[in-house]
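Keep in mind that the numbers below use all heavy atoms, side chains included, and drop hydrogens, waters and symmetry copies.
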Amino acid sequence: MTSAVKDMLDTYPADLGGVDREKLARCIEECIACAQACTACADACLSEEMVSDLTKCIRTNADCADLCNATAAVLSRHTGYDANVTRAVLQACATVCKACADECESHAGRHDHCRVCAEACRRCEQACNDLITSLG
C-alpha cells in the first residue's frame, strides 16, 4: 500500500543521509494518526457528562496532538537536516505520547475514545523510539 508520506519521501531529490525511509514514513504516519486521535479524544471528553473529571486528559490530549503535529512537520523537512534537533523532537514526542497513553488508559474502562486514543499514542511512541534507535 502506498501513502502520500511514502510517495513524498520517494520523490525527494536529495539523499536522506542514511535515514531508514520505512521507519521515517511510519513515524510520520503514526504522528499524524496520533494527533487526530488525541484531538478527537479531547473533543469526546468535552462531551462526557463528568467533563470536570477529564480535565487532565483533555490537556494531555491537546499537548500530545500539538507535539505530534510538530514532529510530523519536522520529520517531513529534510533540507538542512540536523540529527540533534530530530532526536530531541522525537524524544519529546515519545515522552508526551507515553504520558497521554498513561492518562487515557486510566479512563479507558469508562470511555472507549480514551482506549482508542491510548492505543494510537502507544503506536506513535513506539514509532518515535524505533526511529530514534535507527538514527544511531
Side-chain angles (χ1 to χ4, degrees):
M1 180 168 101
T2 64
S3 70
V5 172
K6 185 177 179 323
D7 289 346
M8 288 305 296
L9 287 172
D10 288 344
T11 64
Y12 187 69
D15 181 26
L16 291 178
V19 174
D20 184 319
R21 286 177 185 253
E22 293 298 319
K23 288 183 180 180
L24 178 60
R26 180 173 165 255
C27 193
I28 293 169
E29 289 168 350
E30 292 295 352
C31 284
I32 293 166
C34 189
Q36 188 280 327
C38 288
T39 299
C41 187
D43 183 65
C45 285
L46 289 170
S47 294
E48 293 291 348
E49 191 172 304
M50 300 296 290
V51 68
S52 63
D53 293 343
L54 297 168
T55 302
K56 183 176 180 187
C57 191
I58 294 165
R59 168 58 193 264
T60 306
N61 285 155
D63 288 347
C64 193
D66 287 347
L67 269 237
C68 286
N69 279 323
T71 301
V74 168
L75 293 178
S76 296
R77 296 188 288 265
H78 309 289
T79 305
Y81 169 76
D82 184 329
N84 292 325
V85 170
T86 299
R87 274 189 205 88
V89 169
L90 285 166
Q91 186 58 57
C93 190
T95 298
V96 75
C97 285
K98 180 183 181 335
C100 193
D102 290 347
E103 179 61 28
C104 280
E105 283 173 353
S106 73
H107 305 287
R110 293 181 306 282
H111 307 294
D112 280 340
H113 54 84
C114 287
R115 177 188 51 77
V116 171
C117 187
E119 291 167 359
C121 289
R122 293 286 182 218
R123 285 190 304 272
C124 189
E125 176 189 11
Q126 185 62 54
C128 287
N129 286 328
D130 289 347
L131 187 54
I132 290 169
T133 300
S134 77
L135 295 176

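The pair E29-R26 fails the salt-bridge criterion, with no side-chain N (NZ, NE, NH1 or NH2) lying under 4.0 Å from an Asp/Glu carboxylate O. For the pair D102 and R122, the salt-bridge criterion is met [side-chain N within less than 4.0 Å of a carboxylate O].
The CD atom of E48 sits 9.5 Å away from the CD1 atom of I58 when rounded to the nearest 0.5 Å. Interatomic distance, C45 SG to K56 NZ, rounded to the nearest 0.5 Å: 13.0 Å. Rounding to the nearest 0.5 angstrom, the gap separating the CD1 atom in I132 from the CD atom in Q91 is 4.5 Å. Atom NE2 of H107 and atom CE of M50 lie 12.0 Å apart (nearest 0.5 Å). Of the inter-residue distances, the one linking L135 atom CG with K23 atom NZ reads 9.5 Å to the nearest 0.5 angstrom. Here the straight-line distance linking atom OG of S134 with atom CZ of R21 works out to 13.0 Å at 0.5 Å rounding.
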Notebook entry, point to check: Which is it for T39 and N61 under the side-chain contact (heavy atoms from CB on, under 4.5 Å) test, yes or no, and what are the steps along the way?
Noted result: CA-CA 6 Å; T39 299; N61 285 155; over 6 Å; no
Next item on the list: Decide side-chain contact (heavy atoms from CB on, under 4.5 Å) for L75 and L90; before the verdict, give the C-alpha distance in whole Å, the side-chain angles of both, and the deciding distance to 0.1 Å.
Entry: CA-CA 9 Å; L75 293 178; L90 285 166; 3.9 Å; yes
Next item on the list: In sequence, state the C-alpha distance, the side-chain angles, and the governing distance for C93 and C64, and then conclude on side-chain contact (heavy atoms from CB on, under 4.5 Å).
Entry: CA-CA 7 Å; C93 190; C64 193; over 6 Å; no
Next item on the list: List the steps and the verdict of side-chain contact (heavy atoms from CB on, under 4.5 Å) for K98 and C121.
Entry: CA-CA 7 Å; K98 180 183 181 335; C121 289; over 6 Å; no
Next item on the list: Take D82 and R77 through the salt bridge (Lys or Arg N to Asp or Glu O under 4.0 Å) test and state the conclusion after the steps.
Entry: CA-CA 10 Å; D82 184 329; R77 296 188 288 265; over 6 Å; no
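Side chains of D43 and H113 form no contact here, defined as non-hydrogen atoms less than 4.5 Å apart. Two residues are said to be in side-chain contact when any heavy atoms from C-beta on lie closer than 4.5 Å; I28 and S76 meet this criterion. Looking only at side-chain heavy atoms (C-beta outward), C68 and C124 come within less than 4.5 Å of each other. Two residues are said to be in side-chain contact when any heavy atoms from C-beta on lie closer than 4.5 Å; Q126 and D130 meet this criterion. Residues L9 and K6 have side chains not in contact (no heavy-atom distance under 4.5 Å, counting atoms from C-beta outward).
Taking all atoms of both residues into account, the shortest heavy-atom contact from T71 to C31 is CG2-SG, 3.7 Å. For C117 against C100, the heavy-atom pair with the smallest separation is SG-SG, 4.4 Å.
Shown here are the side chain to side chain donor-acceptor pair (under 3.5 Å) partners of T79, two or more places apart in sequence or in another chain: Y12.
Applying the ring-ring contact (aromatic ring centres under 6.0 Å, His included) definition to pairs two or more places apart or across chains, none involves residues 25-53.
In the hydrophobic clustering of this structure, L24 groups with V5; members are Ile, Leu, Val, Met, Phe, Trp, Tyr whose side-chain heavy atoms approach within less than 4.5 Å, directly or through other members. Both V19 and I32 are members of a single hydrophobic cluster when ILVMFWY side chains are connected at heavy-atom separations under 4.5 Å.
Of the possible donor and acceptor atoms, one in the side chain of N69 sits under 3.5 Å from a partner among the backbone N and O of A65.
Counting heavy-atom neighbours within 6.0 Å of R59 CZ, excluding the residue itself, gives a total of 12 or less.
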